[in-house]
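The block underneath contains the structure these notes are about, expressed in structure tokens.
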Amino acid sequence: MIMDEIDKKLLNILQKEFPLTEYPFAVVAEQCGIGEEEVLIRVGRLKKEGIIRRIGAVFDGAKLGRAGTLCAARVPEDKIGDFVRIINAEKGVTHNYRRRNEYNVWFTVNMATSDKLDEFLEHVKEKTGVTDILDMRAVKTYKIDASMEMVS
Amino acid sequence: METMNSAEKKIARAIADIPLVPSPFAEIAASCGLTGAGILQTSRELLQKGIMRRFGAVLHHSKAGFTKNALVVWSVQPSQTEKAGKIFASFSFISHCYERKPAFQNKYNLFTMLHTKDDNIAVIIDFLAEAINNRNFLILESLEEYKKTSPEYFND
């Protein structure tokens, strides 16, 4: 999808300064110099195209006591399909990528407790036969900000 | 650790993906027996407490044009991680930066996630290496995206 300057400006405002007010899109419309209706049409299109995944709250999992980790698994080529299917079926798995390394499948897991996370990884090892899974927990967070500035 | 009461959790679930209508909070309120003003008030409180990191659009990076992402891991001396982490955190094209344990391959302890629009990843990494004066890194380029979703904190 081709995005024009207004779309990019909208994306920046919607990511960084979403107005928590009764009529947020009217406020954004004023900032962009277009009408509220046009904002809703443009945002609807950006969402339909999948560029916007959602507009909503982003919570701090660590502050809520949740347990998260980054795992790297060494998966034989012929087992990748099954392994990915089993991993992805767990809703606590939020990101999963194939990467260029002998540890070829990298995924993040988020669970209510550390015990549940351990249990999940044990379950995965048992079910897939893939036992070389690194569990690398964050001991210090320097940055989490997945918003992306759109520039022209 | 912060805790949320059941009313706050109910609101948290309701504001994960607001409807695209002129007054989204009033619409959400109607479906869960609250008021729009109440939802907004609670949202602001959660933001202020830092339980909510931000409120706004969450993009699908690759669809938004940030087609390249790389996990770059760095081997940094324990005495230098704090300084390096803070330098990395200041760059807009780094979305995540963590110190992790155990370190990958017993040495790569500082993890950075980079997002860019084109093939300039090597240039960016070079720039980062210079910024922390350390070329001891490993690039873990993404070859395929298998899954990308937001975590659900209030449903399990």
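There is no contact between A:F107 and chain B, counting heavy-atom distances below 4.5 Å. Both the backbone and the side chain of B:L140 come within less than 4.5 Å of a heavy atom of chain A. Contacts between A:L10 and chain B at a heavy-atom distance below 4.5 Å are absent for every atom of the residue. A:A26 does not touch chain B: none of its heavy atoms, backbone or side chain, sits under 4.5 Å away. Within the 4.5 angstrom heavy-atom criterion, no atom of B:I39 approaches chain A. Contacts between A:M3 and chain B at a heavy-atom distance below 4.5 Å involve the side chain alone, from C-beta outward. Looking at A:D7, there are no atoms closer than 4.5 Å to chain B (heavy atoms on both sides), in backbone or side chain. Using a 4.5 Å cut-off between heavy atoms, A:E17 makes no contact with chain B at all. Residue B:E82 touches chain A through both its backbone and its side chain, counting heavy-atom pairs closer than 4.5 Å. Only the backbone of A:E149 comes within contact range of chain B, judged by heavy atoms closer than 4.5 Å. Proximity to chain A (any heavy atom under 4.5 Å) is shown, for B:S62, by neither the backbone nor the side chain. Interface remark: B:A37 contributes no atoms to any contact with chain A (heavy atom separation under 4.5 Å). Contacts between A:L134 and chain B at a heavy-atom distance below 4.5 Å involve the side chain alone, from C-beta outward. Contact of B:T3 with chain A is not made at all, since no heavy-atom distance falls under 4.5 Å. For a residue to count as touching a neighbouring chain, one of its non-hydrogen atoms must lie under 4.5 Å from one of that chain's; by this rule A:V39 does not touch chain B. Contacts of A:V139 with chain B are made by both backbone and side-chain atoms, with heavy-atom separations under 4.5 Å.
Note on B:P151, B:P22, B:S92: by heavy-atom pairs under 4.5 Å with chain A, the leading option is B:P22. The candidate from A:T141, A:N88, A:N101 with the greatest count of non-hydrogen atom pairs under 4.5 Å with chain B is A:N88. Ranking B:K86, B:R44, B:H115, B:H61 against chain A, the residue ahead of the rest is B:H61, based on heavy-atom pairs under 4.5 Å. Highest contact tally toward chain A, considering only B:A12, B:G65, B:A26, is held by B:A12 [criterion: heavy-atom pairs under 4.5 Å]. When each of B:R53, B:M52, B:E144, B:K148 is checked for heavy-atom pairs under 4.5 Å with chain A, B:R53 comes out on top. Across A:L40, A:I55, A:I13, the residue that shares the most heavy-atom pairs under 4.5 angstrom with chain B is A:I55. Contact count against chain A (heavy-atom pairs under 4.5 Å) is highest for B:T81 among B:L46, B:L138, B:T81, B:L47.
Under the 4.5 Å side-chain heavy-atom criterion for grouping Ile, Leu, Val, Met, Phe, Trp and Tyr, B:F66 is connected to A:M1 within one hydrophobic cluster. B:V76 is not connected to B:V73 by any chain of hydrophobic side-chain contacts under 4.5 Å among Ile, Leu, Val, Met, Phe, Trp and Tyr, and they are in different clusters. No continuous path of ILVMFWY side-chain contacts below 4.5 Å connects B:L71 to A:V105, so the two sit in separate hydrophobic clusters. In the hydrophobic clustering of ILVMFWY residues, with side-chain heavy atoms under 4.5 Å counting as a link, A:M136 and A:I133 come out apart. Taken together through direct or relayed side-chain contacts under 4.5 Å among Ile, Leu, Val, Met, Phe, Trp and Tyr, A:I87 and A:V75 form part of one hydrophobic cluster.
Surrounding CD of A:E38 are more than 12 heavy atoms belonging to other residues, nucleotides or ligands, all under 6.0 Å away. Residue B:N133 qualifies as open at atom CG: its count of foreign heavy atoms under 6.0 Å is 12 or below. At most 12 non-hydrogen atoms from other residues, nucleotides or ligands lie less than 6.0 angstrom from OH of A:Y23. Taking a 6.0 Å sphere around NZ of B:K101, one finds it holds 12 or fewer heavy atoms contributed by other residues, nucleotides or ligands.
Identified by a heavy-atom distance below 4.5 Å to chain A, the contributing residues of residues 106-114 of chain B are B:L110, B:F111, B:M113, in residue-number order. Heavy-atom neighbours of chain A within the stretch residues 13-20 of chain B, taken at a separation under 4.5 angstrom, comprise B:I15, B:A16, B:D17, B:I18, B:P19, B:L20.
With rounding to the nearest 0.5 Å, the separation of CG in A:L70 from CZ in B:F104 is 9.5 Å. The NZ atom of B:K49 lies 13.5 Å from the CG atom of A:D60; values are rounded to the nearest 0.5 Å. To the nearest 0.5 Å, atom CG of residue A:N96 and atom CD of residue B:E145 are 9.5 Å apart. Interatomic distance, B:S90 OG to A:K143 NZ, rounded to the nearest 0.5 Å: 7.0 Å. The line from OH of B:Y98 to CZ of A:R137 is 13.5 Å long, rounded to the nearest 0.5 Å. A:R99 CZ to B:I139 CD1: the interatomic distance, rounded to the nearest 0.5 Å, is 12.0 Å.
The side-chain heavy atoms of B:F25 and A:P24, taken from C-beta on, include a pair separated by under 4.5 Å.
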task = I would like to know whether B:Y146 and A:R85 meet side chain to side chain contact (heavy atoms under 4.5 Å, CB included); could you show each step before the answer?
result = CA-CA 9 Å; B:Y146 293 130; A:R85 190 173 44 77; over 6 Å; no
task = Might you work through the side chain to side chain contact (heavy atoms under 4.5 Å, CB included) test for A:E102 and B:Q105, ending with a clear yes or no?
result = CA-CA 11 Å; A:E102 57 173 327; B:Q105 292 179 350; 4.0 Å; yes
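Residues A:R53 and B:L59 share a closest heavy-atom pair of NE-O, 3.5 Å. A pairwise comparison of heavy atoms in B:K63 and A:G50 identifies CD-O, 3.6 Å as the closest pair. Across all non-hydrogen atoms, the minimal contact from B:N69 to A:Y97 is ND2-CE2, 3.5 Å. Among all heavy-atom pairs drawn from B:P24 and A:F25, the shortest one is CG-CE1, 4.0 Å. When all heavy atoms of B:S150 and A:R54 are compared, the pair lying nearest together is OG-NE, 3.1 Å. Nearest heavy atoms, B:P102 versus A:D135: CD-O, 3.2 Å.
In the model, B:R54 has no side-chain atom that pairs as donor or acceptor with a side-chain atom of A:S147 under 3.5 Å.
Relative orientation of the B:Y153 and A:F59 rings is perpendicular, given thresholds of 30° and 60° on the angle between their planes.
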